[in-house]
Amino acid sequence: MKSLKRIAKHPTISLLNPCTTLKEVKQIHAQLVVKGSLKHPHLHGQFVATIAINNPTNLNYANNVFNHHHHHPTLFTLNSMIRAYSKSLTPFKSFHFYTQILNSNTLSPDNYTFTFLVRTCALLHVHMTGLCVHGAVIKRGFEHDPHVQSGLVFMYAELRCLSSCHGVFEGVVEADLVTQTAMLHACAKCGDVEFARKMFDEMPHRDHVAWNAMITGYTQCGRWREALDMFHLMQGEGVKLNEVSMVLVLSVCTHVGSLDNGRWVHAYVERYKVRMSVALGTTLVDMYAKCGDINRSMDVFWGMKERNVYTWSSAIGGLAMNGFGEESLDLFNNMKQEGVQPNEVTFISVLKGCSVVGLVEEGQKHFDSMRTVYGIDPKLEHYGLMVDMYGRAGHLEEALNFINSMPMKPHVGAWSALLHACRVHKNKELGELALKKIVELEDKNDGAYVLLSNIYADYKNWESVSSLRQTMKAKGVKKLPGCSVIEVDGEVHEFIVGDKSHPRYGEIELKLEEISRCLRLAGYVANTNTVLFDIEEEEKEDALSKHSEKVAIVFGLISLKGIPIRVVMNLRICWDCHNVAKMISKIYNRKIIVRDRNRFHHFQDGECSCKDYW
DNA sequence: TTAGGGTTAG
């Protein structure tokens, strides 16, 4: 009869946790050696597995401990090493331990071995090897194990082989909940979220993991509304909400800019003591930063017990996005001091930080360090940010030279950054060149035409504006309609340019008229140049006053009392709306925070945090 | 003592 007594973790080994430093690991190791505990295969395995799984940076040390044993490693130890490496930066090393199992006279791989090994294949995107491992699974009779099945489905989903996922799934007469969940997740990941939902609806039993997988499906294709609806349904059905559910719903709040809902989730996490994992903390940092509450974001950041590269990158990027360039670079220094290795995403945040405050030399230094210090090859995004940085600082020739020296073909992003700089620094010739390049790459890029037309309008070159408009018409280029979102009492209100269907539109119009009178008295003249492109002459000023961001701000003005007006929009804020927002912030003494496609604008006392460069 | 769902950019 099996012993009912569960074997507890060795008290010394249980001192290890994800925050344990290498120095502390070594101290614990010394104690275990002195006590002779590591001579026991069971405890040796427990120690190796705990170090390896807890913290990937200690994986080498775990490997050293693994190699120093007085006996043959157990299957548990080998499986744990496969598991740890499958999640590491060098997943292929998992196979080293798999080979040891195969070469052993006494061991053979089990269901755990394959569950971890197929994940390695998934992360490595190795199709042939994956097929071989699948073969071994069948040969050894583990194809009916729900966890192995779910791993296989995960692997084929990563390899974007939905038909193979179906193959695994259909081979199962009565699929386990675990496999069903993997399958619906795979469908969503491969772009068939409808089928995933159908599977979800047909599942006889659904646990919290299945619900989370379905919500993930919606978030991955940007169907935020449905993701949020799913979350509410989940809550209504009394399904357990864990930290993964919280991460998911927070990421929805982040994307739609819903600070109220995000705050509600944070309060829920604290009230119900939901486990504060690194991912959950990071999502909170990101949510507050992207919803414009950078102080709260940094409070959460500094309050976290453990931070990983995601956490640091989010905070650095959050500061940069909110216009705090110097602070973001200070934080990057802290990150390095703490020994956290930056990755390519971190450098996107760092370069943004340099760009928003015009620190060109520092930006160049960081860009160069990517390759020389960290061995990271800059990607297109990094080159685009460098062009943006030179452009903002007014170094247009340098920006152009930088584009021309790129080791890969410059992308639309690089040329668009240059075009934007041309608009700000009023360089017509270079702007024309940038548009030409953009159109060569993407002939229906509406943003580029609009920017160039604005440059012509600045020069009052109406002939060119009109000719550009003809070209656009002929090519069928359509302007993406502006859309702004504002949250009032937890409810999200959406305004699309030209749409008057909001129930309080009448009040908004009245307020707009009042504001126009105030602004005229304050000496404000609408900058109608920018809209020449969109509409007929006589409608100019009217249309300008109906831009979605302005309507949303005015709605905020009439419906929110004493709190900042926060607006999230899908395009870059237009020059006129930017000016009006500055004036409203002064005349009505209101703080206005606008998140546009690129960055935040904090308006206060007639000034904007972007210092009129965006 | 090991297993399915989650976080940064674009």
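All of these numbers come straight from a predicted model, not from anything done at the bench. Just so it is clear: chains get the letters A, B, ... in the order the sequence lines come, proteins before strands, and each one is counted from 1.
A straight line from NE2 of A:H147 to P of B:dG5 spans 11 Å, rounded to a whole angstrom. Following rounding to the nearest Å, A:M214 (CE) and B:dG5 (P) show an atom-to-atom distance of 15 Å. Computed from coordinates, the A:H255 NE2 to B:dG10 C1' distance equals 10 Å when rounded to whole Å. For the pair A:Y112 OH and B:dT2 C1', the interatomic distance rounds to 6 Å; values are reported in whole Å. Between A:D110 atom CG and B:dT2 atom C1' there is a gap of 9 Å when expressed in whole angstrom units. As a whole-Å value, the separation of A:R597 CZ from B:dA9 P is 15 Å. Atom C1' of nucleotide B:dA9 and atom CG of A:L351 are separated by 12 Å, given to the nearest angstrom. Between the CD1 atom of A:I101 and the C1' atom of B:dT2 there is a distance of 12 Å, rounded to whole Å.
Under 4.0 angstrom from either OP1 or OP2 of B:dG6 there lies no side-chain N or O belonging to A:K87. Using a 4.0 Å cut-off, some side-chain N or O of A:K290 falls inside it from OP1 or OP2 of B:dA9. Put simply, A:R119 has a side-chain N or O that comes within less than 4.0 Å of OP1 or OP2 on B:dG5. Using a 4.0 Å cut-off, no side-chain N or O of A:R307 falls inside it from OP1 or OP2 of B:dT8.
Here the side chains of A:E194 and A:D192 are in contact, with some heavy-atom distance below 4.5 Å. Using a 4.5 Å heavy-atom cutoff, the side chains of A:I28 and A:V25 are not in contact. Residues A:K198 and A:D201 form no side-chain contact, since every pair of their non-hydrogen atoms from C-beta on lies 4.5 Å or further apart.
Using a 4.0 Å heavy-atom cutoff across all strands shown, A:K379 reaches no nucleic acid atom at all. Among the atoms of the strands shown, base atoms are found under 4.0 Å from some heavy atom of A:H208. Using a 4.0 Å heavy-atom cutoff across all strands shown, A:S277 reaches at least one base atom of the nucleic acid. As judged by a 4.0 angstrom heavy-atom cut-off over every strand, A:F116 is placed among the base-contacting residues. Looking at heavy-atom distances under 4.0 Å, A:D286 makes contact with sugar-phosphate atoms alone, never a base. Residue-level contact check: A:Q149 touches neither bases nor backbone, having no heavy atom under 4.0 Å from any strand. Heavy atoms of A:T115 sit under 4.0 angstrom from at least one base atom. Using a 4.0 Å heavy-atom distance criterion, A:S150 is classed as a sugar-phosphate-only contact. Residue contacts for A:S313: at a heavy-atom cut-off of 4.0 Å it reaches a base atom on one of the strands shown. A:D176 comes within contact range of no nucleotide atom at all, as no heavy-atom separation falls under 4.0 Å.
Defined by atom type and a distance below 3.5 Å, a donor-acceptor pair is present between the side-chain atoms of A:N343 and A:T346.
You'll find that the side chain of A:R275 is closest to B:dG6, out of B:dT1, B:dG6, B:dG5. The side chain of A:V345 has B:dA9 as its nearest neighbour among B:dA3, B:dA9, B:dG5. Closest to the side chain of A:K352, from the set B:dT8, B:dG10, B:dG5, is B:dG10. Comparing B:dT8, B:dA3, B:dG6 by their closest approach to the side chain of A:N343 singles out B:dT8. Nearest nucleotide to the A:D145 side chain, out of B:dG10, B:dT7, B:dA3: B:dA3. Of the candidates B:dT2, B:dG4, B:dT7, the closest approach to any side-chain atom of A:V247 belongs to B:dT7. Nearest nucleotide to the side chain of A:V209, out of B:dG6, B:dG5, B:dT2: B:dG5. Ranking B:dT8, B:dA3, B:dG10 by closeness to the A:E381 side chain, first place goes to B:dG10. Closest to the side chain of A:L177, out of B:dG10, B:dG4, B:dT7, is B:dG4. Residue A:A279 has its side chain nearest to B:dG6 when only B:dG4, B:dA9, B:dG6 are considered.
Under the 3.5 Å distance criterion, the side-chain polar atoms of A:Q46 are matched with a main-chain donor or acceptor of A:H10.
Figure legend: A:R83 and A:Y112 shown without cation-pi pairing, the cationic atom not lying both under 6.0 angstrom from the six-membered ring centre and within 45 degrees of its axis.
Within the structure, side chain to side chain donor-acceptor pair (under 3.5 Å) pairs that include any residue of residues 225-234 of chain A comprise A:R223-A:E226 (at least two apart or interchain).
Within 3.5 Å, no donor on the side chain of A:H10 pairs with an acceptor on the base of B:dT1, nor the reverse. For B:dT7, its base never sits under 3.5 Å from the side chain of A:T283 at any donor and acceptor pair. Counting atom types as modelled, A:N242 pairs no side-chain N or O with a base atom of B:dG6 as donor and acceptor under 3.5 Å.
With sequence neighbours left out, A:V168 forms a side-chain contact (heavy atoms from CB on, under 4.5 Å) with A:H134, A:Q149, A:L152, A:V153, A:Y156.
The aromatic rings of A:F47 and A:H29 lie tilted to each other, with the angle between the two planes from 30° to 60°.
Of all the residues in residues 178-193 of chain A, A:V178, A:T181, A:H185 reach under 4.0 Å from DNA chain B with at least one non-hydrogen atom.
Salt-bridge formation is detected for the pair A:K189/A:E158: a Lys NZ or Arg NE/NH1/NH2 atom is positioned less than 4.0 Å from an Asp or Glu carboxylate oxygen.
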